[in-house]
Amino acid sequence: MLPAYVHALEAGWSPNTVRNVAPEQLAAIASDADAFIAGLTTRGGTIRLHDGCEVARLPDMIRWIIAADRPERPFVGSINLRWQEDAAGRPVTELPSHVLGHVGYTILPEHAGRGYASAALAAVLVEARIVGLPFLTITCDAGNAASRRVIEKNGGRFVERFVAPFYGPGERLMYRIELQS
Ligand SMILES: CC(C)(COP(=O)(O)OP(=O)(O)OC[C@H]1O[C@@H](n2cnc3c(N)ncnc32)[C@H](O)[C@@H]1OP(=O)(O)O)[C@@H](O)C(=O)NCCC(=O)NCCS
């Protein structure tokens, strides 16, 4: 699957929607592909924000989305779940101010509109329950109708419209998905 991932990065796709991480990921893969793959599931370390600051990487899960409904099983995107833990290692729902939500996802443009983001978010909700989170916060740009629909189809309840100045002046929508029945 790594060649398909590299192909997507080379075509300009980025798994991070607030910062284009394609160049640095391509360099990391070229330098040591095994270390790059291992790093996807490693805990700790730092990540770089769009302003260049390095911050602690939260506990997270990064999942590559494979289209199991197609015979060629193409790589179609990625989704990740991140959260914080208290001193005892228990998950807590609060997030640092630079993290807009618990979940981020992005689908390659050529595979959009086939239900992959909706299915991927449904699968991540199962993982979030296993982590022990009682609810998730997910945000999207106010104009991102497709992402709003993905969230709403997965039970997202609109919370508020807000602006995160650190990420620019645009309005964003915050949703909450309850994980406890
Ligand atoms: C947003 C994104 C993740 C959607 O992925 P996707 O796989 O196409 O999503 P799905 O096919 O599962 O669902 C999309 C839904 O939005 C609907 N939709 C798409 N465009 C729409 C529009 N302009 N207006 C209203 N609804 C729209 C689709 O009809 C579908 O709903 P339906 O199943 O009820 O018909 C994808 O377009 C993407 O990666 N965009 C760039 C990155 C991004 O915005 N990530 C989200 C950050 S919060």
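Since the model is a prediction, treat every value here as computed from it, not as a measurement. Whatever order the structure lists ligands and atoms in, that order sets their numbers, starting from 1.
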Does the Y116 side chain pair with the main chain of I66, one donor and one acceptor, at a distance under 3.5 Å?
no

Is D141 reaching over with its side chain to a backbone N or O of G143, donor-acceptor style, under 3.5 angstrom?
no

Using only atom types and a distance under 3.5 Å, with no angle test, would you say the side chain of R129 pairs donor to acceptor with the backbone of V124?
no

In residues 2-14, what donor-acceptor pairs under 3.5 Å come from side-chain atoms, sequence neighbours left out?
unit_1	atom_1	unit_2	atom_2	d
Y5	OH	Q25	OE1	2.6
W13	NE1	T106	OG1	3.4
S14	OG	N16	N	3.2
S14	OG	N16	O	2.8
S14	OG	R19	O	3.2
S14	OG	V21	N	3.2

Treating H50 as the side-chain partner and F166 as the backbone partner, does any N or O pair qualify as donor plus acceptor under 3.5 Å?
yes

Heavy-atom contacts with ligand 1 below 4.0 Å: which residues, ordered by chain and residue number?
T17, Y105, T106, I107, A112, G113, R114, G115, Y116, A117, S118, T139, C140, N144, A145, A146, S147, R149, V150, K153

Using only atom types and a distance under 3.5 Å, with no angle test, would you say the side chain of R90 pairs donor to acceptor with the backbone of G132?
no

